[in-house]
Amino acid sequence: MAGIITHTTGVSGQHAQQRSRVDRDPVWVRWTLSFLAIGFAILFLVLPLVVVGVYALSEGLRVFLSALTDPDARSAIRLTLITAAIVVPANTLFGLVAAWAIARFRFRGRSLLITLIDLPFAISPVIAGLMLVLVFGLRGWFGSTLSDWGVQVIFSTPGIVLATLFITFPFVARELIPLLESQGSDQEESALTLGASGWQMFFRITLPNIRWGLLYGMILCNARAMGEFGAVSIVSGHIRGLTNTLPLHVEVLYNDYQLAAAFACASLLALLALFTLFLKIAVEWKLSRDARLAARDAIIETGLLPVRGDRSPRSTSPSTPTT
Amino acid sequence: MIRIGLRERCVRVINRQHSVLPGFGISLGLTLMYLGLVVLIPLSALVVKALGMTFEDFWQKAIADPRVMASYRVSLSAALVAGLVNSVFGFILAWVLVRYQFPGKRLLDAIVDLPFALPTAVSGIALVGLYASSGWLGGWLEGLGLKVAFAWPGIVIALTMIGLPFVVRTMQPAIEQLESESEEAAAILGATRGQTFRRVILPILVPPLLTGFALAFARGLGEFGSVYFIAGNLPMKTEIAPLMILIKLEQYDYHGAAAIGLVMLVASFALLLLINLLQAWTRHRSST
């Protein structure tokens with residue numbers, strides 16, 4: 001579902017300045033609406049973030065640090081990092097492959113495939129966890145066979161990884177499909193015509209063209225992978241020091257009334273979120289700049305703008321591989 | 001006849017142009033395999049488990065159980081109210097972000113995405129810090145007679161926080177695309193600003209507003225992490241439907257969990273369909 005959300009920065013600024021006097025809102029309306037909007041954002045977005053930081057440090061820096069260096073916390077952090085280290089590359093590879101198939105070829109059932117890829121966004125994380133229990137739980141489809149082989153999925157790391165894979169499945173693909181479609185395949189085709197192999201074309205044309213979108217999808221995927229709670233809490237079994245991820249560790253501390261420690265671990269995750277937002281803004285800025293440059297190049301190429309030779313247009317020099 | 005033949009040939013040429021690119025078979029094959037392993041097998045396990053029950057059994061577990069029924073009511077009512085609150089304030093936020101200039105605007109725009117990036121457990125524990133009776137706002141609100149944390153209003157607040165970006169990010173592009181000509185024309189023809197808003201602006205913005213509402217509502221129905229912390233999870237009062245699944249699983253009642261899961265799955269598929277229809281409506285509206 002989040003895939004519907006598109007990048008919207010950049011245009012609104014000029015828009016508002018160009019408005020004529022007639023269609024501007026009266027001053028009192030502007031003040032009231034601005035006040036309401038900012039107040040609502042402070043109440044629902046800023047205050048929750050501030051409260052986490054304040055409570056995390058409420059019992060002093062020593063409690064904060066010992067909460068993060070506690071063996072259980074350290075193993076939770078380790079498990080969270082391991083999960084993300086498996087899930088993000090796997091879903092990135094899948095996203096690249098799926099986006100290539102969907103954006104570059106037309107085939108029967110294509111739109112059904114897109115809907116299926118979007119599915120994990122529409123399904124509650126708890127249901128995702130339930131599905132995995134039904135497949136891999138002891139009384140599930142493969143559970144008893146796997147346990148005969150000595151493999152445990154549910155209440156163990158593989159289950160946590162699988163749940164996270166499911167939840168973060170669409171992020172990279174959703175980001176890349178529209179990007180690849182909007183760029184078209186002209187450059188790739190000319191590379192092939194000039195004798196490039198498929199891999200050369202991919203690494204020298206496709207990948208550089210989509211790198212910012214790819215990074216963007218990976219950032220979102222990573223944030224969700226490290227922060228997932230619902231699906232993971234169903235499959236993990238909450239074994240301290242073994243199958244607790246950082247969000248689950250927050251829950252355990254909270255249920256033990258160790259509030260300062262719970263907020264300390266939560267603040268670590270909140271920092272991750274802020275870092276994610278910061279990266280996202282940077283990447284969005286890059287994307288919109290690339291789009292502006294591409295639009296300018298297109299205008300220069302079609303000769304509508306008499307600045308030919310002013311600056312070297314990027315799109316005329318695709319780094320074609322020499323063979 | 002000739003025309004159709006020509007058209008077909010064109011299509012074929014276009015298709016062939018696409019097939020110059022390598023890797024179709026392998027990329028589609030890998031996609032389907034991965035999709036099947038990670039998504040479709042688990043999904044079918046749930047459907048098979050739930051449909052393997054007799055209808056009687058399903059009805060008993062998913063509908064007739066008063067505790068389960070109460071959890072549906074809590075989930076639906078809280079998601080509905082949160083969606084409505086977000087429709088109003090998300091609209092205002094999007095309007096302010098597109099139309100007005102003020103210091104800190106970029107920061108406001110950036111922080112709207114926070115609920116997408118913030119782990120839901122963190123949102124939940126933060127809201128407890130704010131609204132519990134010892135919290136920053138909770139004591140003051142309880143003085144006014146409103147208990148938020150560990151009660152129904154707390155669930156609404158959690159779902160409002162989670163759903164806000166959906167409405168704002170759907171409304172922003174729609175407001176940006178409004179043509180100032182129609183507003184100018186209305187003003188020149190003597191409409192007040194209020195009339196212009198009601199008769200010219202609002203009708204165009206209804207489809208995206210409904211889309212944003214449906215997205216926030218759907219997310220609210222499935223949300224678990226943030227609600228888990230602030231709801232207090234009292235049977236019959238503040239248990240949400242996803243929590244009931246967790247409880248059934250802890251009792252090793254796999255059939256009960258699968259039955260509730262199927263009900264929720266059907267609800268989210270219906271919402272997904274509705275959202276797709278609303279988006280098609282939005283596109284249709286903006287193209288005519």
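A, B, ... follow the sequence lines: proteins, then strands. Residue 1 opens every chain. Heavy-atom basis, side chains included; hydrogens, waters and symmetry copies ignored.
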- prompt: Do other residues, nucleotides or ligands put more than 12 heavy atoms under 6.0 Å from B:Phe102 CZ?
  reply: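 Yes - once you tally the heavy atoms of other residues, nucleotides and ligands closer than 6.0 Å, there are more than 12.
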query: Listed by residue number, which members of residues 255-262 of chain B have a heavy atom under 4.5 Å from any heavy atom of chain A?
result: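 B:Ala257, B:Ala258, B:Gly261 fall under the 4.5 Å cut-off.
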query: Quick one: do B:Arg99 and A:Asp25 make a salt bridge, cutoff under 4.0 Å?
result: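 Looking at B:Arg99 and A:Asp25, the cut-off is not met.
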Nearest 0.5 angstrom please: [X] [atom1] to [Y] [atom2], how far?
X: A:Ile127; Y: B:Ser268; atom1: CD1; atom2: OG; answer: 5.5 Å
X: A:Glu284; Y: B:Asp109; atom1: CD; atom2: CG; answer: 8.0 Å
X: A:Glu189; Y: B:Leu21; atom1: CD; atom2: CG; answer: 5.0 Å
X: B:Lys248; Y: A:Leu130; atom1: NZ; atom2: CG; answer: 12.5 Å
X: B:Lys49; Y: A:Trp141; atom1: NZ; atom2: CH2; answer: 10.0 Å
X: B:Ile245; Y: A:Ile234; atom1: CD1; atom2: CD1; answer: 6.5 Å

Taking all atoms of both residues into account, what is the closest heavy-atom pair of [X] and [Y], and its distance?
X: B:Ser27; Y: A:Ala101; answer: OG-CB, 3.3 Å
X: A:Leu134; Y: B:Leu46; answer: CD1-CA, 3.6 Å
X: B:Thr31; Y: A:Ala98; answer: OG1-CA, 3.3 Å
X: A:Val51; Y: B:Ala126; answer: CG1-O, 3.3 Å
X: A:Ala273; Y: B:Pro119; answer: CB-CD, 4.4 Å

- request: Just do the side chain to side chain contact (heavy atoms under 4.5 Å, CB included) check on A:Phe169 and B:Leu35 with the steps written out, would you?
  value: CA-CA 9 Å; A:Phe169 183 75; B:Leu35 184 77; 3.3 Å; yes
Which one, [options], leads in non-hydrogen pairs under 4.5 Å with chain A?
options: B:Leu221, B:Thr196, B:Thr160; answer: B:Thr160
options: B:Leu271, B:Asn276, B:Ile41, B:Val48; answer: B:Ile41
options: B:Thr120, B:Leu30, B:Ile111; answer: B:Ile111
options: B:Leu130, B:Leu118, B:Val128; answer: B:Leu130
options: B:Tyr228, B:Phe224, B:Trp136, B:Phe269; answer: B:Trp136
options: B:Pro42, B:Gly29, B:Gly25; answer: B:Pro42

Any side-chain heavy atom of [X] sitting closer than 4.5 Å to one from [Y]?
X: B:Leu32; Y: A:Leu113; answer: yes
X: A:Pro26; Y: B:Arg193; answer: yes
X: A:Met131; Y: B:Leu43; answer: yes
X: B:Leu137; Y: A:Leu47; answer: yes
X: A:Val97; Y: B:Ile26; answer: no
X: A:Pro48; Y: B:Met161; answer: yes
X: B:Val122; Y: A:Val250; answer: no
X: B:Ile125; Y: A:Tyr55; answer: no

Return all side-chain donor-acceptor pairs below 3.5 angstrom for residues 32-44 of chain A, not counting sequence neighbours, or 'none' if the list is empty.
residue, atom, partner, partner atom, Å
A:Thr32, OG1, A:Trp28, O, 2.5
A:Ser34, OG, A:Arg30, O, 2.7

Let's test your reading of the structure: which of [options] forms the most heavy-atom pairs below 4.5 Å with chain B?
options: A:Leu162, A:Leu116, A:Leu248; value: A:Leu116
options: A:Glu251, A:Lys280, A:Glu228; value: A:Glu251
options: A:Phe275, A:Tyr254, A:Phe202, A:Trp100; value: A:Tyr254
options: A:Thr276, A:Asn255, A:Val52, A:Leu269; value: A:Leu269

Side chain / backbone / both / neither for [X] at chain B, heavy atoms under 4.5 Å:
X: A:Leu119; answer: side chain
X: A:Leu192; answer: side chain
X: A:Pro120; answer: side chain
X: A:Ala173; answer: neither

message: Run A:Leu220 and B:Phe116 through side chain to side chain contact (heavy atoms under 4.5 Å, CB included) and show every step you take.
response: CA-CA 8 Å; A:Leu220 293 178; B:Phe116 282 155; 5.8 Å; no
- prompt: Could you go step by step and tell me if B:Phe229 and A:Phe229 meet the ring-ring contact (aromatic ring centres under 6.0 Å, His included) rule?
  reply: CA-CA 11 Å; B:Phe229 285 87; A:Phe229 180 78; 5.6 Å; yes
task: Using non-hydrogen atoms and a 4.5 Å limit, figure out which bit of B:Leu249 sits close to chain A: side chain, backbone, both or neither.
output: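 The side chain, not the backbone.
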Portion of B:Tyr131 that has a non-hydrogen atom of chain A nearer than 4.5 angstrom: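 Just its side chain gets close to chain A.
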- prompt: What pairs with B:Asp253 under salt bridge (charged side-chain N to carboxylate O under 4.0 Å, His left out), at least two apart in sequence or on another chain?
  reply: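 B:Lys61.
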- prompt: Got a sec, which pairs hit side-chain hydrogen bond (donor to acceptor under 3.5 Å, both in side chains) with one end in residues 32-44 of chain B, sequence neighbours left out?
  reply: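 Found A:Asn91-B:Tyr34.
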